[in-house]
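Just so it is clear, the values below take in all heavy atoms, side chains as well, and ignore hydrogens, waters and symmetry mates.
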Amino acid sequence: MTNKVLDRVRDLLPAIRERAADAELQRRVPDQSIRELIDAGVFRMLQPSRFGGDESSPVAFYEVIRAIATACPSTAWVASVLGAHPWQLALFPPRAQEDVWSADPDTLVSSSYAPTGKLTPVDGGFEISGRWSFSSGCDHARWAFLGAVVPNDEGGAEYLTVLVPRADYRIEDVWHVSGLSGTGSNDIVIEKAFVPAHRTYSASEQAELRGPGQEVNTAPLYRISFGAVFSSTITAPIIGAAQGAYEAHIERMRERVRISYGGQKAAEDPFAHVRVARAASEIDAAILQMERNIGEQLRYAEAGEEIPLELRVRSRRDQVRGTERAIEAIDLLFDNSGGHAIRKPNPIERHWRDAHAGSVHVINDVERALVLYGRDAFGLPVTDRMI
């Protein structure tokens with residue numbers, strides 16, 4: 001199936017690549033890049049059709065994200081995160097979707113899911129206060145998904161994602177980092193704001209693959225697991241960063257052969273050939289496993305069948321291994337480039353930093369993800385909201 005958005009995005013890549021250094025200096029994705037990605041339809045791919053969205057397969061969406069990451073991993077990271085949020089908003093009550101998209105379907109939503117906010121029940125909803133970190137692309141968004149916990153009737157706590165408009169929070173510029181510095185992942189601060197009940201979505205609904213929005217958004221897309229969509233949203237730009245490093249490395253080595261001055265000898269190093277082959281294989285494996293798992297989840301949803309737990313834990317297993325594979329690949333390419341790799345400007349150097357920065361995201365906690373698979377394989381109970 002033709003990916004029309006990918007075709008449009010490919011035409012944008014040279015300009016996005018040229019702006020990669022500016023994104024680092026500004027510590028945010030340039031407005032022009034976001035505007036071009038909006039016009040190309042990137043943020044409509046997972047959006048419900050009733051708001052003009054494409055309801056595309058996530059496989060196609062992640063293909064677009066990887067392509068953007070070959071040019072600028074920071075831009076891809078923001079595009080991936082902001083581009084996945086329409087999928088989650090589609091699970092919220094219809095009224096919440098209308099709050100965001102009725103006036104402008106191109107409205108973007110950022111996020112910070114860690115439950116670091118205080119949520120107090122009040123008449124008609126909740127009062128929220130707190131500080132949330134790592135809200136990538138927040139300067140380009142007019143709403144935010146924020147994590148919080150609220151006491152439940154059993155004496156415990158319920159994790160909620162709440163939807164808050166830009167007028168109710170401020171952004172604090174704290175993003176000074178060594179990798180993914182162009183993502184503008186600043187802090188969001190709220191000092192008491194009202195959140196109506198219809199702008200909340202519970203972790204229990206998320207874990208059970210259901211949401212009130214499914215009543216109006218009936219596409220199979222909205223019946224696959226949050227754990228697979230959210231985790232792949234983080235891994236896709238990391239894989240794309242490795243792809244970009246691979247392309248840059250191959251281009252440089254071929255150019256050295258053309259120019260010679262010892263380049264032919266360097267390119268004939270058999271150890272260099274082995275490292276390149278290993279890197280390419282790791283990248284391919286990461287992509288193929290991710291696409292297989294997302295595609296299988298979608299086929300179960302299309303058939304109206306429950307997605308097996310075995311597939312859900314396998315999706316997380318392969319997602320986190322996909323990040324590991326991408327890091328291994330980019331490390332091989334970095335080593336293969338020798339001293340050239342540490343010089344600026346150099347896409348391999350930037351992609352290496354950005355990929356490693358992305359790998360420390362909480363969703364890439366390798367042991368936590370892999371233990372879920374092992375428990376299920378041994379017939380032990382598995383409870384985790386990220387599957």
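One side chain, W352 or D331, offers a donor N or O that lies under 3.5 Å from an acceptor on the other. In the model, S74 has no side-chain atom that pairs as donor or acceptor with a side-chain atom of E24 under 3.5 Å. Between the side chains of T183 and W175, at least one donor N or O sits under 3.5 Å from an acceptor N or O. A donor and an acceptor atom, one from each side chain of Q319 and T235, are located under 3.5 Å apart. A donor-acceptor pair shorter than 3.5 Å can be found between the side chains of S33 and R19.
Using a 4.5 Å cut-off on side-chain heavy atoms (C-beta onward), W101 and W143 make no contact. The closest side-chain heavy-atom distance from F226 to L91 is not below 4.5 Å. Between I234 and W77, the closest side-chain pair of non-hydrogen atoms falls below 4.5 Å. The shortest distance between side-chain heavy atoms of Y373 and V382 does not fall below 4.5 Å. With a 4.5 Å cut-off on side-chain heavy atoms, F334 and H249 do not count as touching. Considering only heavy atoms from C-beta on, L309 comes within 4.5 Å of V313 through its side chain. Side-chain contact between Q32 and E36 is present, with heavy atoms from C-beta onward closer than 4.5 Å. The closest side-chain heavy-atom distance from R275 to L333 is not below 4.5 Å.
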Q | Trace of the salt bridge (Lys or Arg N to Asp or Glu O under 4.0 Å) decision for R316 with D384 | A | CA-CA 11 Å; R316 280 287 280 123; D384 191 290; 5.6 Å; no

Q: Take R27 and D173 through the side-chain contact (heavy atoms from CB on, under 4.5 Å) test and state the conclusion after the steps.
A: CA-CA 10 Å; R27 296 178 295 110; D173 184 353; 2.7 Å; yes

Q.
With side-chain contact (heavy atoms from CB on, under 4.5 Å) as the criterion, how do N364 and I238 come out once you've worked through the C-alpha distance, each side chain's angles and the decisive distance to 0.1 Å?
A. CA-CA 11 Å; N364 289 319; I238 299 173; 3.7 Å; yes

Q.
What verdict does the salt bridge (Lys or Arg N to Asp or Glu O under 4.0 Å) test give for R199 and D99, after you've listed the backbone C-alpha separation in whole Å, the side-chain angles of each residue and the deciding distance to 0.1 Å?
A. CA-CA 9 Å; R199 292 184 190 159; D99 289 346; 2.9 Å; yes

Q) Do K4 and D54 pass the salt bridge (Lys or Arg N to Asp or Glu O under 4.0 Å) test, and can you show the C-alpha distance, the side-chain angles, and the key distance before you say yes or no? A) CA-CA 11 Å; K4 295 181 179 179; D54 295 338; over 6 Å; no

Q | Step-by-step side-chain contact (heavy atoms from CB on, under 4.5 Å) determination, H198 to L163 | A | CA-CA 9 Å; H198 72 270; L163 178 64; over 6 Å; no

Q. Would R325 and E328 count as a salt bridge (Lys or Arg N to Asp or Glu O under 4.0 Å) if you check the C-alpha gap in whole Å, the side-chain angles of each, and the deciding distance to 0.1 Å?
A. CA-CA 5 Å; R325 292 182 192 280; E328 181 174 344; over 6 Å; no

Q.
Apply side-chain contact (heavy atoms from CB on, under 4.5 Å) to residues R142 and D104 and explain how you reach the verdict.
A. CA-CA 11 Å; R142 282 185 274 167; D104 182 4; 2.6 Å; yes

Q: Give the C-alpha distance, both sets of side-chain angles, the deciding distance and a yes or no for side-chain hydrogen bond (donor to acceptor under 3.5 Å, both in side chains) between E55 and S49.
A: CA-CA 6 Å; E55 296 186 351; S49 60; 3.2 Å; yes

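A salt bridge links R10 with D7: the closest approach of a Lys/Arg side-chain nitrogen to an acidic carboxylate oxygen falls below 4.0 angstrom. Between R292 and D318, at least one side-chain N (NZ, or NE/NH1/NH2) sits under 4.0 Å from a carboxylate O, which counts as a salt bridge. The pair E282-R278 does not count as a salt bridge, with every side-chain nitrogen at least 4.0 angstrom from each carboxylate oxygen.
R44 places a side-chain N or O within 3.5 Å of a backbone atom of G52 that can act as its donor or acceptor partner. In this structure a side-chain-to-backbone donor-acceptor pair under 3.5 Å is missing from R223 to A301. Side-chain atoms of S181 never come within 3.5 Å of backbone atoms of V177 as a donor-acceptor pair (strictly under, hydrogens ignored). With R166 contributing its side chain and Y169 its backbone, the two residues share a donor-acceptor pair below 3.5 Å. Judged purely by atom type and a 3.5 angstrom limit, S56 has no side-chain atom pairing as donor or acceptor with the backbone of L46. Side-chain atoms of W87 come within 3.5 Å of backbone N or O of L221 as a donor-acceptor pair. In this structure, S135 contributes its side chain and S112 its backbone to no donor-acceptor pair below 3.5 Å. Between the N217 side chain and the P48 main chain, no donor and acceptor come within less than 3.5 Å of each other. Proximity of a side-chain donor or acceptor of Q289 to a complementary backbone N or O of G322 within less than 3.5 Å is not detected. At least one donor-acceptor pair closer than 3.5 Å links the side chain of T116 to the backbone N or O of R131.
Taken to the nearest 0.5 Å, the CG atom of N293 stands 11.0 Å off from the CG atom of L288. Atom OH in Y62 sits 6.0 Å away from atom OG in S80 (nearest 0.5 Å). Here OG1 of T75 is found 11.0 Å from CG of L12. Values are rounded to the nearest 0.5 Å. How far CD of E191 is from CZ of R170: 4.5 Å, rounded to the nearest 0.5 Å. In this structure, CD1 in I224 is found 11.5 Å from CZ in R312, a value given to the nearest 0.5 Å. In this structure, CG on L89 lies 12.0 Å from OG on S111, to the nearest 0.5 angstrom.
Looking at every heavy atom in both residues, A20 comes nearest to R350 through CB-NH1, 3.7 Å. In terms of heavy-atom proximity, S225 sits nearest to Q297 at N-OE1, 3.0 Å. Smallest separation of non-hydrogen atoms from I330 and A355: CD1-CB, 4.0 Å. A79 and L37 make their closest contact through CB-CD1, 4.0 Å (heavy atoms, listed as atom of the first residue, atom of the second, distance). Closest of all the heavy-atom pairs between S232 and A228 is OG-O, 2.7 Å. When all heavy atoms of I68 and L13 are compared, the pair lying nearest together is CA-CD2, 3.8 Å.
Applying the 6.0 Å contact sphere to CZ of R95 captures no more than 12 heavy atoms from other residues, nucleotides or ligands. Counted within 6.0 Å of CZ on R368, heavy atoms from surrounding residues, nucleotides or ligands total 12 or fewer; the atom is thus considered open. At most 12 non-hydrogen atoms from other residues, nucleotides or ligands lie less than 6.0 angstrom from CD of E310. Within 6.0 Å of CD in E208 there are more than 12 heavy atoms belonging to other residues, nucleotides or ligands. Counting non-hydrogen atoms of neighbouring residues, nucleotides and ligands closer than 6.0 angstrom, the OH atom of Y300 reaches no more than 12 such neighbours. By the 6.0 Å contact criterion, CZ on F134 is open, its count of non-hydrogen atoms from other residues, nucleotides or ligands being 12 or less. With a 6.0 Å radius and a threshold of 12 heavy atoms from other residues, nucleotides or ligands, E302 has its CD atom above the threshold.
Taking hydrophobic clusters as Ile, Leu, Val, Met, Phe, Trp and Tyr residues chained together by side-chain heavy-atom distances below 4.5 Å, Y201 does not share a cluster with V150. M386 and V149 fall within the same hydrophobic cluster, where Ile, Leu, Val, Met, Phe, Trp and Tyr residues are linked whenever their side-chain heavy atoms come under 4.5 Å apart, directly or through other members.
Residues F145 and F92 bring their aromatic ring centres within 6.0 Å.
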